[in-house]
Structure formats: structure tokens, C-alpha cells
Number of protein chains: 2
Amino acid sequence: MSVGRTPATMTEIAAALGVSSATVSNALSGKGRVSAELSAKIRQAADELGYVPSHAARALRTGRTAVIGLVLPDISNPLFPQIAQAIEQAAAAAGYGVLIADSRGEIAQQTAAIGRLVERGVDGMIVVPRRGSRIGDVGTPIAIIDSPSTPGNTVSSDHRDGGVQMGRHLASLGHQKVLLIANSRQSNVQNDRVGGLEAGLGSDACCETLWVEEMEVSQGVGCALGLAARVADGYTAFAAVYDLLALRALTELQRDGIDVPLQASVSGFDDLVWSSVVMPPITTLRQNLAMIAERAVEALGGVIAERDAATRKPASVERNGAGVPMTLVIRQSTGPTMYSVVAAAAHARKDSR
Amino acid sequence: MSVGRTPATMTEIAAALGVSSATVSNALSGKGRVSAELSAKIRQAADELGYVPSHAARALRTGRTAVIGLVLPDISNPLFPQIAQAIEQAAAAAGYGVLIADSRGEIAQQTAAIGRLVERGVDGMIVVPRRGSRIGDVGTPIAIIDSPSTPGNTVSSDHRDGGVQMGRHLASLGHQKVLLIANSRQSNVQNDRVGGLEAGLGSDACCETLWVEEMEVSQGVGCALGLAARVADGYTAFAAVYDLLALRALTELQRDGIDVPLQASVSGFDDLVWSSVVMPPITTLRQNLAMIAERAVEALGGVIAERDAATRKPASVERNGAGVPMTLVIRQSTGPTMYSVVAAAAHARKDSR
DNA sequence: CCAAGGTGATTAATCGTTTAATCAACCATA
DNA sequence: TATGGTTGATTAAACGATTAATCACCTTGG
């Protein structure tokens with residue numbers, strides 16, 4: 001291949017064609033006034049010489065780096081890869097590179113990470129904030145991916161509606177007594193989902209929410225959730241607020257000899273990798289991360305454009321749009337309660353004979 | 001805060017102190033000859049004025065961007081977040097920013113992603129290659145994270161030794177008939193782990209390897225692995241080559257009413273998020289990703305330094321070091337076989353009376 | 001007293017692109 | 001034939017840091 005060559009510069013192209021470098025710049029950017037024929041010749045020469053624009057020079061001159069930062073919270077979040085992938089793809093399509101910064105859980109680290117990105121001169125950044133934290137103005141355009149209830153330039157899934165969908169799904173299967181499993185009351189996302197679930201299940205359903213984080217302070221991290229007892233207590237479904245909790249519930253139930261979904265249904269959120277490979281595969285809600293990423297990048301691009309139009313205000317425009325819909329993925333971890341199954345079976349028996 | 005200010009430049013510092021900008025540069029970089037007192041004054045002024053070096057200008061002048069690229073394979077790999085985090089941390093410590101590039105599984109995408117990074121002028125890149133792919137010379141320093149059996153400038157865990165550790169652990173629990181569960185024969189990492197497991201279990205153990213990928217071509221993706229039948233067949237342990245497979249095995253066994261670890265043990269690799277929260281928590285091997293990342297960044301830094309010392313060869317130095325050790329994390333998914341438990345219980349009963 | 005050497009600072013060029021300002025033709029209109 | 005407007009290209013000045021070359025000054029030794 002022709003790799004390894006010293007990449008040609010505009011000046012070289014200009015010299016090769018006997019024109020000025022300004023003309024080359026104009027031709028390639030399509031900005032100034034260049035005759036069509038010369039423009040074509042320049043483009044061709046650029047191709048032949050293997051011209052690669054110098055991002056550094058361009059950044060120096062224009063003050064824009066064409067790089068955005070991606071700040072992520074506790075990276076242990078298994079949804080992270082998908083978000084990162086989606087953002088990277090959307091950013092690449094919009095001509096941006098993506099610089100990552102991990103905030104390692106700590107809120108101070110989040111600020112530090114943002115600072116590092118700013119120093120590196122990113123044009124803007126997309127932040128998935130640590131739950132319960134607020135991002136201050138850093139003089140750089142920011143877009144936030146969190147929950148629609150977060151103020152600011154936010155884009156996110158419609159977590160509440162997702163909850164509603166799942167709630168309706170469970171209700172339609174006949175579940176009346178449902179345990180909602182969440183982790184932290186601090187999380188906007190989790191609260192939205194819980195709210196949605198309650199709404200979707202309807203007012204005649206009996207549901208309680210188990211906040212795992214609180215349970216763990218007394219019983220230790222990774223403690224059993226005591227779900228078998230709940231089943232004995234009449235609960236027929238466990239709706240977790242994200243798949244990791246769903247998995248925890250599923251395995252605990254199975255270990256205690258409870259059949260899923262025959263004796264109890266289990267559902268989650270986010271459709272993480274394992275959700276489809278465990279046995280039974282988990283019913284969950286998938287986020288449209290590609291769309292979220294696109295919107296985030298687009299929103300960010302908008303703010304960036306505005307900002308260098310009016311180089312006055314850092315202008316963190318509030319363009320909080322509608323939430324991106326989530327799609328329900330029904331698998332085998334949810335089903336009718338055993339009683340309805342039995343009833344239906346009896347019904348079928350009667351019918352068939 | 002003092003954010004939002006126009007960041008001061010070297011020229012401004014120089015003007016404020018009535019010295020030349022070259023002196024400021026020398027003082028701050030500690031390179032040229034500057035008197036100690038002037039140097040101190042300059043440093044102080046830099047602080048007060050809130051000097052932030054322009055990466056763009058520096059990059060333009062020196063040709064080095066202080067950014068490295070991180071190329072990842074199928075991003076769905078749940079280990080990815082941890083790798084990314086570790087790399088980011090190590091890179092930040094070494095003064096590098098990390099630009100991500102996702103190769104979305106496709107091998108062509110991998111090449112494209114690498115190309116994009118090169119165009120952006122990264123100083124080097126760290127590649128976690130798609131399994132079975134080889135990276136060509138792109139005229140940019142590269143470090144690879146894969147398996148010690150990969151040629152090139154590679155750093156990785158000692159997967160084989162990890163397998164040996166797990167094999168010994170299982171053997172010590174009395175397991176003689178073990179099913180190894182892997183996905184693809186193409187993967188160096190998986191092959192290393194399988195080899196290690198076989199070695200660790202010893203020659204008198206009976207073990208077979210189940211290649212899930214091959215099974216799925218005939219039975220469909222996500223098919224049952226038929227482990228219950230294996231248990232009936234005398235298998236007492238299932239050693240998966242990564243945690244996702246272990247999870248799949250665990251849930252399948254539990255669904256079929258087999259008690260883990262009483263009737264069968266299950267083990268994995270990588271200690272992914274869920275491994276500790278499922279019930280029972282999974283025995284696994286943890287990679288020392290922090291160390292791997294450090295070494296990768298360090299190795300890359302070395303190659304970069306060499307390259308701009310001798311601006312001749314692209315010099316992808318072969319500095320294939322020893323594998324980084326993995327650590328065995330014993331949890332509740334592995335235990336003695338039921339028979340030995342029964343035997344031990346009988347033994348105990350006899351002893352106590 | 002002069003040459004040699006060291007020290008601390010400055011000068012000026014350079015990296016590659018962008019862009020405002022300028023200029024030379026050329027055509028059309030008064 | 002001047003005047004004015006277009007068109008197509010050039011000039012030259014940035015952007016901010018680095019660095020080789022130079023310079024002025026001071027010390028030291030012969």
C-alpha cells in the first residue's frame with residue numbers, strides 16, 4: 001500500500017500545480033471562488049499525492065478540533081460498550097473523533113475528567129452523568145444522556161414509557177402482585193422506570209419496590225434478595241429496573257427451585273448481552289441507543305455551531321426533546337402465572353374432549 | 001470559577017513579564033537555559049494567568065498529538081469497559097488522551113477504524129484484534145492486547161496459566177469428568193485457556209471441549225447446550241472459557257433442576273460484573289487489566305520514542321513479554337462433587353460419634 | 001589584556017491551514 | 001471611454017508552541 005509515505009500538504013499540491021495554497025484550500029473546502037476546472041484538477045492532484053489534511057494545523061487555525069469527549073460514570077455499567085459504540089459511530093458520521101474519559105465512579109473524578117477533556121480542546125462533550133450529580137458550566141458545549149427528567153441539554157430514552165410497556169405486559173399476563181426491584185433512589189433513570197412500571201401495572205395491581213442498595217447496607221453486598229419467600233407470599237412477577245438485577249433475581253429464584261416463568265416471571269431493562277443467552281432468556285426493554293447517540297451528537301453539533309456563531313455566551317442551550325422510545329423484547333422469562341396456566345390447561349382439556 | 005476565560009497563551013505570559021516567548025517555553029518545559037528565578041516567576045505568572053497549553057499548536061510544531069487510539073473488536077464483549085477504563089487510566093497517567101475506534105466486528109471495519117485513527121494523527125494505537133485477524137503495518141506504532149501466542153508487540157494475560165490454575169482447582173475438588181465450554185476455535189485466547197485447563201486437570205481427568213459456535217450452526221444461536229444430559233452422563237464440572245458461557249451453563253443447569261455446585265460445578269473466566277451477583281456467584285479468573293494496560297501503554301510509549309529518535313523505520317519492535325498472571329477467584333459455583341460430599345459427611349458422622 | 005568558554009536570554013523560522021484583503025482581468029453600461 | 005461590478009486567483013497575516021541559531025555579557029586563564 002501507499003502507507004508510510006509522508007502525507008502531502010496543501011503547499012505541496014499548490015507547488016505541483018503552480019497555484020497558491022490558498023486556492024488549494026478554497027478548492028478542497030469549496031468555500032472561496034475557484035473555477036470548476038481548476039478545482040477538479042486540484043482535487044485530482046490531492047488524490048494522487050495522497051493528501052491528508054493536518055488536523056493539528058486546522059485546529060490551530062480554526063480553534064476547532066473536531067473531537068468530542070465522552071464522559072462515562074462507573075464504567076462497570078455493562079451498558080457502556082453499547083453507548084460508546086453508538087456514540088462513536090454517530091460521531092464518526094458527523095466527522096468527530098471521540099476522546100474517552102472515565103470518571104471512575106467518584107464525582108470528583110467526573111469533574112477532573114471533564115477538565116482533562118477541556119484542556120485537550122474538545123469541541124464539546126457528551127456526558128452520561130454519575131447518578132445524582134449535576135454538571136456545572138465548563139465553558140464547553142455539553143450534551144447529557146440520562147433521563148428526560150434531568151434538566152439541561154438532555155437526550156435519553158423514555159424510561160417511564162418503557163416502564164409502562166413492561167407493566168402492561170405483565171398485567172396482560174395476569175400478574176397482580178409484582179415486586180419491583182431497583183437499586184438506588186438517587187437515579188433518575190431508575191425512578192422513571194419504577195414510576196412507569198407502577199403506572200403500567202395499573203392501580204388494581206399490588207406492587208412494592210425493593211431498593212437493593214438499602215437492603216445491602218444491612219445485609220451486605222451481594223446478599224440474597226429473599227425472593228423465594230416473596231413467591232410464597234403470593235408474588236408472581238419480579239420486574240427489575242435493569243438486567244443485572246433481573247439476572248440476580250432469576251438465578252436466585254432458580255437456585256431456590258422456583259421455575260421461571262411457570263411460578264414467577266422475571267423482567268429487566270436494557271437488553272444486555274447475557275439477557276438473551278441465559279436460560280430462560282430474559283424479557284426486557286431495549287433502548288434505541290443508535291438514535292440516542294445520533295441525537296446527542298446532533299444536539300451537541302448544534303450547540304457548537306451556535307457557540308461559534310455568537311462567540312459570546314457559552315450557551316448551553318436547553319433543547320430537551322422528547323424521550324426516545326424503548327422497545328419491548330418479549331422472551332421466555334415472563335409468562336402467565338401458573339394458576340392461569342393450570343386454568344387454561346383445564347379449559348383446553350375440557351374443550352378438546 | 002475562573003472557567004470561561006480565554007485561556008492565556010505563552011506570548012501573553014511573555015508580554016506580561018517583558019520576556020520573550022521562547023524563554024517562557026523553555027522555562028515551562030525545562031529544556032533550554034533559563035535562570036532559576038526567572039523560571040519561577042514565569043511559572044507563577046502562568047498559574048495566575050491560567051495558562052493552558054494549546055495542544056493544537058504543540059501538535060503542529062512537534063508532529064506529536066499526545067493521543068493514542070484504542071481499537072476494539074466486537075464491542076459487545078462485556079470485558080470491553082474494563083479494558084477501556086484501564087487503558088484510559090494508564091494513558092492519562094502517561095499524558096496521553098485516548099481516542100476510541102470501534103471495529104464493529106467486521107474485519108474491514110477494523111482496518112477502516114485504524115485508518116481513521118491514523119488520519120487523525122494519533123501517536124500510536126492499542127489494538128484488541130478481532131479474533132483470528134492480523135494487523136498490518138500502518139506506519140504508526142501499535143501495541144496489541146490479545147494472547148501471548150500472538151506475534152508482534154503484544155501484551156496480555158497468561159491465559160494458559162489461568163487455565164492451569166482453574167484446572168488444578170477443579171481437580172483438587174475431585175472432578176474427574178469435566179466439560180470444557182468454549183466458543184470459537186479461531187480465538188487464540190480461548191485456545192490458550194482450553195489448553196491450560198486440560199493441562200491443569202491432569203492427564204487422568206477425562207475432558208471434552210464443547211465448541212458452542214459449531215453447535216449453534218446446526219442448532220441455532222442461543223440453543224440449549226444439553227448440559228443436563230452431560231450430568232446424567234457423569235460430568236461433574238463445566239469449565240467455561242469466559243463468564244458469559246459460564247452464565248449460560250449455570251442458568252441452563254439450574255433451569256433443569258440441577259443444583260450448582262452440589263451436583264455440578266461451573267467456572268468461568270474474566271470476572272465480569274454479573275459473576276459475583278448471580279446465585280451462586282461464579283468461580284472465575286480475574287485478569288489484571290490495570291497491569292496489562294500499563295504495560296501496553298508503556299510498550300507503545302517505547303515504540304513511539306524509538307520511532308521519533310530514528311525517524312527511519314516504522315519499527316514495530318517485537319517486545320513480546322511474559323504474560324500477566326491471572327488470579328483465581330473462588331466463589332460458590334464450584335465445590336466438591338456430591339459423592340465426595342456424601343462421603344465426607346459419612347466420614348464426619350462416623351468420626352463424631 | 002585578549003581569547004576562550006559559559007550563561008541567560010532573544011530572534012526568527014517553522015509546522016499546515018484558513019481567511020481577510022488585495023489585485024488583475026474582463027464584461028457591461030452610461 | 002471612463003466607471004462599476006464580477007470573477008478567479010494571489011498575498012500575507014494569523015493561530016501558538018518549539019527550537020536552532022545568535023547575541024550580549026560575564027568569568028577565567030594564559
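Side-chain contact check for B:Glu48 and B:Gln44: at least one donor-acceptor pair (N or O, by modelled atom type) lies under 3.5 Å. Side chain to side chain, A:Ser54 and A:Arg58 fail the donor-acceptor criterion of an N or O pair below 3.5 Å.
The distance from atom CD1 of A:Ile42 to atom OG of A:Ser35, rounded to the nearest 0.5 Å, is 8.0 Å.
In this structure, the side chains of B:Ile304 and B:Arg64 come closer than 4.5 Å at one or more pairs of heavy atoms. With a 4.5 Å cut-off on side-chain heavy atoms, A:Leu79 and A:Leu289 count as touching.
Shown for residues 50-65 of chain B: residues whose heavy atoms fall under 4.0 angstrom of DNA chain C, namely B:Leu60, B:Arg61. In the region residues 33-44 of chain A, proximity to DNA chain C at under 4.0 angstrom, judged on heavy atoms, holds for none of the residues.
Per the geometry, CE belonging to A:Met10 stands 14 Å off C1' belonging to C:dC15, to the nearest Å. One atom, NZ of B:Lys31, and another, P of C:dT7, lie 20 Å apart when rounded to the nearest Å. Regarding B:Asn26, its CG atom lies at a distance of 13 Å from the C1' atom of C:dT11, rounded to whole Å. In this structure, CD of B:Glu12 is placed 8 Å from P of D:dG16, rounded to the nearest angstrom.
Considering every non-hydrogen atom in both A:Ile145 and A:Pro129, the closest pair reads O-CD, 3.3 Å. A:Asp102 and A:Ala113 make their closest contact through O-CB, 4.0 Å (heavy atoms, listed as atom of the first residue, atom of the second, distance).
Among the nucleotides D:dT19, D:dT18, C:dT11, the one closest to any side-chain atom of B:Ser20 is C:dT11. Nearest nucleotide to the A:Thr23 side chain, out of C:dT10, C:dG16, D:dA9: D:dA9.
Between B:Gly18 and A:Thr11, the residue anchored closer to the 5' end of DNA chain C is B:Gly18, taking for each the nucleotide with the nearest heavy atom.
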ask   = Does the pair B:Asn153 and B:Ile144 meet the rule for a side chain to side chain contact (heavy atoms under 4.5 Å, CB included), with working shown?
value = CA-CA 6 Å; B:Asn153 188 16; B:Ile144 296 173; 5.9 Å; no

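A:Val24 comes within 4.0 angstrom of nothing in the nucleic acid, heavy atoms only.
The main-chain N or O of A:Ala27 is found under 3.5 Å from a side-chain atom of A:Arg43 such that the two form a donor-acceptor pair.
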